Colleague: 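Structure provided below as structure tokens; questions to follow.
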Amino acid sequence: MTRRLLLSYLTVALLVLLCLEVPLGIVYGRAEQQRATRAAEDEAESLAAYAAVSLEGGRISALEDRVAHCAERIGGEVVVFDASGRPAASSRPLTPDQVRDMAGTREVRSALRGRAAVGVRTAPVGGGVGVPAAAAPVPFGSSRYGAVRVTLPGETVHQRVHGVWLTLAAVGLLALTAVAGVAFWLARWTSRPVLELERATARLAEGDLSVRATLATSTGPPEVRRLAVTFNETAARLEHLLASQRAFAGEASHQLRTPLAALRLRLDNLEPDVAAHARGGLTAAVTETDRLGRMVEGLLAMARLDEQAVTRVPVDLDRIALERVETWGPVFAARGCRLALGVEHAGHALAVPGAVEQIVDNLLSNALRVSGRGSVVLLDRRLPRAPRRGHREHRAQYAELHVIDEGPGMTPEQRERAFDRFWRAPGSTDGGSGLGLSLVQRLAVAGGGHVVLEEAARGGIDAVVRLLAVPSRGGTGPAPGRGEALRQWPTLRTVPVPRLRSRPHSGARP
């Protein structure tokens with residue numbers, strides 16, 4: 001920003017100097033030309049009077065001396081013509097052609113007719129500067145006239161004009177230097193608080209709520225200082241609001257966990273003393289207590305996600321998928337379902353540490369709730385599609401994780417609302433809290449990706465998690481289509497079911 005402001009100031013100053021100095025130089029050059037022409041006229045008139053007396057008295061040698069002295073003094077050329085147009089005296093020898101050309105000039109012809117005249121010739125020396133020449137009549141009686149022609153050197157006029165242009169250029173350079181110094185100070189004074197505001201805004205966008213623009217509140221233009229004060233107030237208010245929200249969510253979740261655990265224990269202890277006809281109510285109470293516990297855990301996870309700085313690291317999607325299938329395989333087998341792992345490989349992707357495991361756990365928990373006995377749930381991975389040859393791909397490449405179930409599915413409207421907090425699909429009676437998919441979405445977005453729910457080819461839901469892929473050295477090939485992956489189900493790898501020890505924590509299904 002400082003460089004752009006400096007260039008703007010210097011451009012304006014240069015334009016102003018050009019608009020002032022170029023006309024001034026042109027005017028001075030013309031004035032110098034006119035001054036030289038008037039000097040030639042004065043010399044010609046003075047010499048014409050002396051030439052008239054000398055020619056009438058026959059003092060040719062005295063006239064030649066005067067002509068030579070005058071030419072040496074002015075550094076130019078002097079020629080005296082008699083009444084017949086022949087040179088009577090000259091400051092230098094002339095050839096017949098030079099005499100003829102000089103006698104044919106406009107100013108000499110006018111002087112031979114009794115009228116003084118001036119002329120300007122373009123000299124080959126001096127860069128095209130005009131050479132001033134003046135002719136004055138020399139009277140011989142009543143109607144006969146000779147002529148005196150005086151030519152000043154063009155080099156003298158050229159040197160004077162060139163000196164003026166050099167002076168103007170030096171003055172302009174000094175002015176630009178002074179303007180550059182002042183402009184640099186102004187640009188720094190203006191840009192430093194703006195740059196600090198830019199850096200502070202970037203840090204605020206990255207999650208640093210404690211950032212403040214301190215320099216911008218004391219330096220810079222008044223508008224920028226007011227903007228900095230407003231930014232600091234906004235950042236402080238935002239920090240206070242988010243801190244209050246996080247504190248409430250975290251403290252409420254922590255405070256609710258202990259009484260919920262005690263309530264769950266008391267309900268378990270009541271089971272032997274409850275009559276058979278009341279067992280249904282006890283089971284419903286235990287179910288609601290478990291759902292409330294999962295809701296508290298979801299709120300606590302979201303509060304922790306808000307409190308942590310979002311740092312994305314490369315994670316191995318293939319290793320995580322294999323670990324989750326090995327963990328969840330016994331749970332699915334206990335429900336009479338089968339959990340299968342796709343044969344493709346997804347490589348590495350960027351995500352928040354620990355986020356992919358939570359995402360997969362919540363999606364598998366949701367798929368398990370809607371899966372009937374004998375159904376298959378597929379945890380599949382998809383590679384980013386390679387761009388076509390000769391086609392320049394500008395979009396980000398995503399690695400995909402798919403959790404595909406064979407449940408009843410959802411309508412398009414329900415799939416759009418599934419990520420809302422506490423929203424549950426109509427008819428859901430399995431104790432879901434409505435926070436699982438909301439947490440999944442926030443974890444995916446925190447890692448730079450996103451999650452969508454699509455309709456599976458065999459019915460049910462295809463939960464698609466897209467994360468920014470980390471390119472491998474060997475490149476990636478095209479991913480198979482969804483229909484191809486589903487046709488591979490009979491040959492997909494199924495993890496052997498060991499003896500069931502413990503049930504992993506289940507997320508929420510809307």
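As the structure is a prediction and not an experimental result, all values here were calculated from the model.
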Colleague: Whether E323 and R319 form a salt bridge (side-chain N of Lys/Arg under 4.0 Å from carboxylate O of Asp/Glu) is what I want to check.
Modeller: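 Salt bridge present between R319 and E323.
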Colleague: For the residue pair R369 / S365, report whether a side-chain donor-acceptor contact shorter than 3.5 Å exists.
Modeller: yes
Colleague: Inspect the surroundings of CZ in F419 and state if more than 12 heavy atoms from other residues, nucleotides or ligands are less than 6.0 Å away.
Modeller: yes
Colleague: Give a yes or no answer on whether the side chain of Q358 reaches the backbone of L443 with a donor-acceptor pair at less than 3.5 Å.
Modeller: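 Answer holds: no.
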Colleague: Is there side-chain contact between V224 and T190, with at least one heavy-atom pair below 4.5 Å?
Modeller: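 They are not in contact (no side-chain heavy atoms under 4.5 Å apart), so the answer is no.
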Colleague: When rounded to the nearest 0.5 angstrom, what is the spacing between CG in L322 and CD1 in I320?
Modeller: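 With rounding to 0.5 Å, CG (L322) is 11.0 Å from CD1 (I320).
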Colleague: Checking T289 side chain against A285 main chain: does a donor-acceptor pair fall under 3.5 Å?
Modeller: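 It does hold such a pair.
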Colleague: Hey, does I359 have a side-chain heavy atom less than 4.5 Å from the side chain of L401?
Modeller: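 No, their side chains stay 4.5 Å or more apart.
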Colleague: Any idea which heavy atoms bring C337 and G372 closest together, and the distance?
Modeller: SG-O, 3.2 Å
Colleague: Is the ring pair W328/F332 parallel, tilted or perpendicular, if the boundaries are 30 and 60 degrees?
Modeller: perpendicular
Colleague: Under a 4.5 Å cut-off applied to non-hydrogen side-chain atoms, are R264 and L260 in contact?
Modeller: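 Of all side-chain heavy-atom pairs linking L260 with R264, none is under 4.5 Å.
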Colleague: So does H240 have more than 12 non-hydrogen atoms from other groups sitting under 6.0 Å from NE2?
Modeller: no
Colleague: Would you say that V331 contacts L364 through its side chain, given a criterion of any heavy-atom pair below 4.5 Å between the two side chains?
Modeller: no
Colleague: Quick check: closest heavy atoms across L379 and A321, and the distance to 0.1 Å?
Modeller: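 Heavy atoms of L379 and A321 come nearest at CD2-O, 3.7 Å.
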Colleague: Before giving the answer on side-chain contact (heavy atoms from CB on, under 4.5 Å), spell out for E271 and V274 the whole-Å C-alpha distance, their side-chain angles and the decisive distance to 0.1 Å.
Modeller: CA-CA 5 Å; E271 185 175 1; V274 175; 5.8 Å; no
Colleague: Does the pair Y28 and L24 meet the rule for a side-chain contact (heavy atoms from CB on, under 4.5 Å), with working shown?
Modeller: CA-CA 6 Å; Y28 181 83; L24 182 61; 5.7 Å; no
Colleague: Any side-chain heavy-atom pair from L437 and L453 closer than 4.5 angstrom?
Modeller: yes
Colleague: Keeping the roles fixed (side chain from R160, backbone from G29), state whether a donor-acceptor pair exists under 3.5 Å.
Modeller: no
Colleague: Residues in ring-ring contact (aromatic ring centres under 6.0 Å, His included) with H345, at least two apart?
Modeller: none
Colleague: Please check this pair: side chain of D405 against backbone of I461, looking for a donor-acceptor N/O pair closer than 3.5 Å.
Modeller: yes
Colleague: If every non-hydrogen atom of W165 is compared with every non-hydrogen atom of I26, which pair is closest and at what distance?
Modeller: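 For W165 versus I26, the nearest heavy atoms are CZ2-N, 3.7 Å.
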Colleague: Taking atom CG of L467 and atom CG of L317, what is their separation to the nearest 0.5 Å?
Modeller: 6.0 Å
Colleague: Can you measure from CG (D462) to CG (L378) and round to the nearest 0.5 angstrom?
Modeller: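 The distance works out to 8.5 Å.
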Colleague: Give me the atom names and distance for the closest heavy-atom approach of D273 to N269.
Modeller: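 Looks like OD2-O, 4.2 Å.
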Colleague: Test R382 against every option in R466, E344, E400 by the side-chain contact (heavy atoms from CB on, under 4.5 Å) rule and name the one that passes.
Modeller: E400
Colleague: Measure the shortest side-chain to side-chain distance between L341 and R381 over non-hydrogen atoms and say whether it is less than 4.5 angstrom.
Modeller: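 Yes - at least one pair of side-chain heavy atoms lies under 4.5 Å apart.
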Colleague: Identify whether the distance between the nearest side-chain nitrogen and carboxylate oxygen of R35 and E32 falls below 4.0 Å.
Modeller: yes
Colleague: Could you give the distance from CG (L350) to CG (L468), rounded to the nearest 0.5 Å?
Modeller: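 Here the interatomic distance stands at 5.5 Å.
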Colleague: Is the shortest heavy-atom distance from the side chain of V182 to the side chain of Y9 under 4.5 Å?
Modeller: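 They are not in side-chain contact.
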Colleague: Should R226 and E223 be marked as a side-chain contact (heavy atoms from CB on, under 4.5 Å) after you check the CA-CA gap, both sets of side-chain angles, and the distance that decides it?
Modeller: CA-CA 5 Å; R226 289 195 295 267; E223 296 81 4; 3.5 Å; yes
Colleague: If you count heavy atoms of other groups shown closer than 6.0 angstrom to CZ of R192, is the number above 12?
Modeller: no
Colleague: Judged by atom type as modelled, is there a donor-acceptor pair below 3.5 Å linking the side chain of D318 to the main-chain atoms of A346?
Modeller: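 A pair under 3.5 Å: yes.
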Colleague: If I take atom CG from residue L339 and atom CG from residue L368, how far apart are they, to the nearest 0.5 angstrom?
Modeller: 9.0 Å
Colleague: So do R199 and E196 actually touch side chain to side chain, heavy atoms under 4.5 Å?
Modeller: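 A side-chain contact exists here, since the closest heavy-atom pair is under 4.5 Å.
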Colleague: Over all heavy atoms of both residues, which pair between L209 and R212 is shortest? Give the atoms and the distance, please.
Modeller: O-NH1, 3.0 Å
Colleague: Look up atom CG in L166 and atom CG in L173, then write down how far apart they are to the nearest 0.5 Å.
Modeller: 12.0 Å
Colleague: Taking all non-hydrogen atoms of both residues into account, name the closest pair between G342 and D380 and its distance.
Modeller: CA-OD1, 3.5 Å
Colleague: Looking at E406 and R338, is there a salt bridge between them, counting it only when a charged N and a carboxylate O are closer than 4.0 Å?
Modeller: no
